[in-house]
Amino acid sequence: MYQFIYDLTGNMIISTLVVAVFPLVNVLLVALIGVYLERKVSAWMQDRVGPNRTGPYGLFQTVADFVKMMQKEDAVSNEVDKKLYNIAPVLVFAGSFAAYAAIPFSSKLIGSEAEVGIFYVIAISSLVVAGILMAGWSSNNKYSLLGAMRSAAQIVSYEIPTALVVLSMVMLTGTLSLSKMSEMQTAYFWNWNIFGGAAFALNKFLLIPFMLVGFIIVFISTLAEVNRTPFDIPEAESELVAGYFTEYCGMKWAMFMLSEYGNMFAVSAIVSILFFGGYQSPIGYLGNTIGATWLIPYEQAFWFVAKGWFFILVQMWLRWTLPRLRVDQLMAVCWKYLIPYAFLNLIIIGIISLL
Amino acid sequence: MNFYDIIFYIFAAITILSALFVVTTKNIIYSAFYLLFTFFGVAGIYVLLGADFIAIAQIMVYVGGILILLLFGVMLTNKVTGVEIKSGTVQIMPAVIGTGIFMGAVVAAMFFTNWRSEPASLPAGTANELGHLLLNDYVLIFELLGILLLIALIGAASIARREKE
């Protein structure tokens with residue numbers, strides 16, 4: 001993709017910017033459709049109708065909301081720390097958007113093919129924590145500060161089981177690069193890592209149960225990292241008003257929402273790359289069948305986005321099913337259950353991959 | 001001056017300016033947040049040197065770990081007591097002489113060292129070679145460092161767990 005635009009325009013800066021636009025469009029679409037779906041899914045689960053006035057089936061509800069938000073006055077309280085208050089939403093969004101630099105949307109549409117892919121994604125998400133702390137502190141509101149503290153503690157703790165599972169996958173695949181990881185799990189779903197990887201041997205069948213455990217651990221902990229129910233105590237509305245973004249309104253508030261939806265897609269993408277083949281198709285490529293190889297990257301992009309959306313829907317489903325965890329339960333789940341199991345899983349996968 | 005030079009100067013400016021603000025600002029929380037940009041700028045320079053793994057480790061350890069810890073500590077103390085940190089100057093003459101000598105030494109080292117320069121090339125990833133080096137040539141040091149960190153972890157946990165009688 002980059003090379004193609006570089007050949008077309010001959011300018012590094014322009015081609016870099018053009019390539020960076022694609023994930024941005026994706027994040028905006030995820031937020032636009034995600035907010036609508038969230039309302040519809042919650043309505044269906046609670047036997048309600050949901051938005052149905054703006055456009056057919058209420059499809060334009062998010063657009064209307066967005067227009068409303070653009071018109072809102074940018075109200076800033078007198079007591080806030082203005083500098084940090086204004087930077088915080090940008091930093092949070094930058095942190096969540098930066099992760100997209102290493103995520104391969106298809107074999108051709110990759111931001112950076114850096115070898116440290118997954119390690120970079122885990123590291124750069126710490127910018128989000130700094131941004132959240134900045135927002136919470138600068139708001140000069142006890143609920144904001146409490147929310148920020150809870151969020152930071154939660155994200156920092158749940159990074160550990162995520163990193164351990166990622167480490168076991170790195171051990172298995174022998175690479176840190178996300179594009180190589182997706183490439184190794186070739187087309188057809190039985191070659192995906194959740195079914196033991198592409199190589200057909202005894203290992204493949206031994207690995208399946210432990211892959212399942214790893215998937216469950218990484219799904220739970222990434223769910224906690226994006227601060228969604230059942231792990232949404234940083235913004236628990238019944239206790240903390242809205243947590244760390246209580247004092248924000250208008251477009252600055254929208255930046256936080258945008259980064260939340262961006263994060264949701266990013267972690268779904270990471271889970272699907274680690275275990276569900278990334279951009280690989282589950283049923284083979286149409287392009288191979290009819291002999292049109294130029295079609296394959298488009299199909300891959302389709303499957304990648306479809307997998308991302310599937311996990312976003314699972315996240316919504318969980319959000320409207322499960323009650324919120326208490327703070328001490330939240331920490332107990334991470335430190336007493338997920339981390340020991342993740343360590344055990346790491347050792348077992350290591351032994352199996354040595355067999 | 002090509003593309004990468006411009007990026008280098010941007011990162012260098014971020015690092016130096018934010019480091020300057022870290023020491024001169026009166027508000028301790030601002031210092032902590034400026035430190036974020038310093039760490040980030042240093043990581044960028046590592047990337048330009050071709051040390052991708054070190055750069056990411058820098059962000060992971062310093063931004064993700066140490067800075068967050070610092071922020072926690074500072075936030076839980078600053079607004080409660082309203083402490084203004086001292087950043088005035090005392091003992092100007094000895095300070096000028098001391099920093100002058102140090103600066104001179106650094107500048108002299110910069111000019112008199114015979115720097116090895118190589119034609120710029122797209123560096124390959126370093127993660128693989130680093131792993132081989134750590135687990136083959138330097139395995140003893142690596143293990144010792146692991147044990148050291150484990151001891152620190154156990155110590156921290158035991159201090160945190162100590163219950164009052």
Side-chain angles (χ1 to χ4, degrees), chain A residues 6 11-16 79 81 83-84 87-88 91 94-95 98 102 112-138 140-142 144-146 148-149 151-153 155-157 159-160 163 170-171 174-177 180 335, chain B residues 2-7 21 25 27-37 39-40 43-44 46-47 50-80 122-132 153 157 160:
Chain A
Y6 183 64
N11 188 321
M12 275 172 127
I13 299 170
I14 291 175
S15 36
T16 310
E79 295 293 310
D81 192 316
K83 255 194 248 169
L84 296 181
I87 299 172
L91 196 64
S112 159
E113 285 179 72
E115 233 181 84
V116 284
I118 183 74
F119 191 36
Y120 162 80
V121 172
I122 292 175
I124 207 77
S125 66
S126 53
L127 269 186
V128 177
V129 187
I132 285 174
L133 278 175
M134 199 186 262
W137 185 84
S138 67
N140 199 6
N141 174 330
K142 62 182 170 191
S144 297
L145 189 58
L146 274 175
M149 289 290 183
S151 176
I155 296 176
V156 169
S157 315
E159 242 171 31
I160 300 167
V170 168
M171 258 165 39
T175 175
L176 283 166
S177 155
K180 272 187 203 142
W335 292 95
Chain B
N2 69 16
F3 195 44
Y4 296 104
D5 287 341
I6 298 168
I7 297 177
F21 283 129
T25 183
N27 188 335
I28 194 164
I29 204 106
Y30 280 9
S31 300
F33 279 120
Y34 279 125
L35 208 55
L36 168 76
F37 294 101
F39 290 147
F40 190 73
Y46 279 137
V47 171
D52 52 355
F53 193 83
I54 307 281
I56 306 300
Q58 156 92 8
I59 292 180
M60 186 98 182
V61 172
Y62 283 95
V63 179
I66 291 173
L67 186 79
I68 303 297
L69 206 66
L70 254 175
L71 283 173
F72 259 83
V74 167
M75 276 182 184
L76 289 174
T77 51
N78 182 40
K79 276 266 158 143
V80 185
L122 199 64
T126 53
N128 234 328
E129 283 118 73
L130 262 179
H132 277 293
L153 203 67

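Since this is a predicted model, take the numbers as computed values, not measurements. Reminder, nothing fancy here: chain letters follow the sequence lines and each chain counts from 1.
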Legend entry - Non-hydrogen side-chain atoms of A:W137 and B:L71 separated by less than 4.5 Å: no

Inset, instruction - Flag the one option from A:G174, A:S126, A:S177 with the top tally of heavy-atom pairs under 4.5 Å to chain B. - result: A:S126

Inset, instruction - Tell me, for A:L176 versus chain B, whether the close heavy atoms (under 4.5 Å) come from the side chain, the backbone, both or neither. - result: side chain

Inset, instruction - Indicate yes or no: at least one non-hydrogen side-chain atom of B:Y30 is less than 4.5 angstrom from one of A:L84. - result: yes

Inset, instruction - Provide the closest heavy-atom pair for A:A152 versus B:F72 in the form atom of the first, atom of the second, distance. - result: CB-CE1, 3.6 Å

Inset, instruction - Hey, could you give me the CD1/CD1 distance between A:I155 and B:I68, rounded to the nearest 0.5 Å? - result: 8.5 Å

Legend entry - More than 12 heavy atoms of other groups within 6.0 Å of B:F21 CZ: no

Inset, instruction - Quick one: list whatever passes side chain to side chain donor-acceptor pair (under 3.5 Å) with B:Y46, sequence neighbours left out. - result: none

Legend entry - Option in B:A43, B:A57, B:G65 with maximal non-hydrogen atom pairs under 4.5 Å from chain A: B:A57

Legend entry - Part of B:F33 lying under 4.5 Å from any heavy atom of chain A: side chain

Inset, instruction - Pick one of side chain, backbone, both or neither for A:V156, based on which atoms fall under 4.5 Å of a heavy atom in chain B. - result: side chain

Inset, instruction - Quick one: closest heavy-atom pair of A:A123 and B:I56, and the distance? - result: CB-CG2, 3.6 Å

Legend entry - Non-neighbouring partners of B:F40 that pass ring-ring contact (aromatic ring centres under 6.0 Å, His included), sequence neighbours left out: none

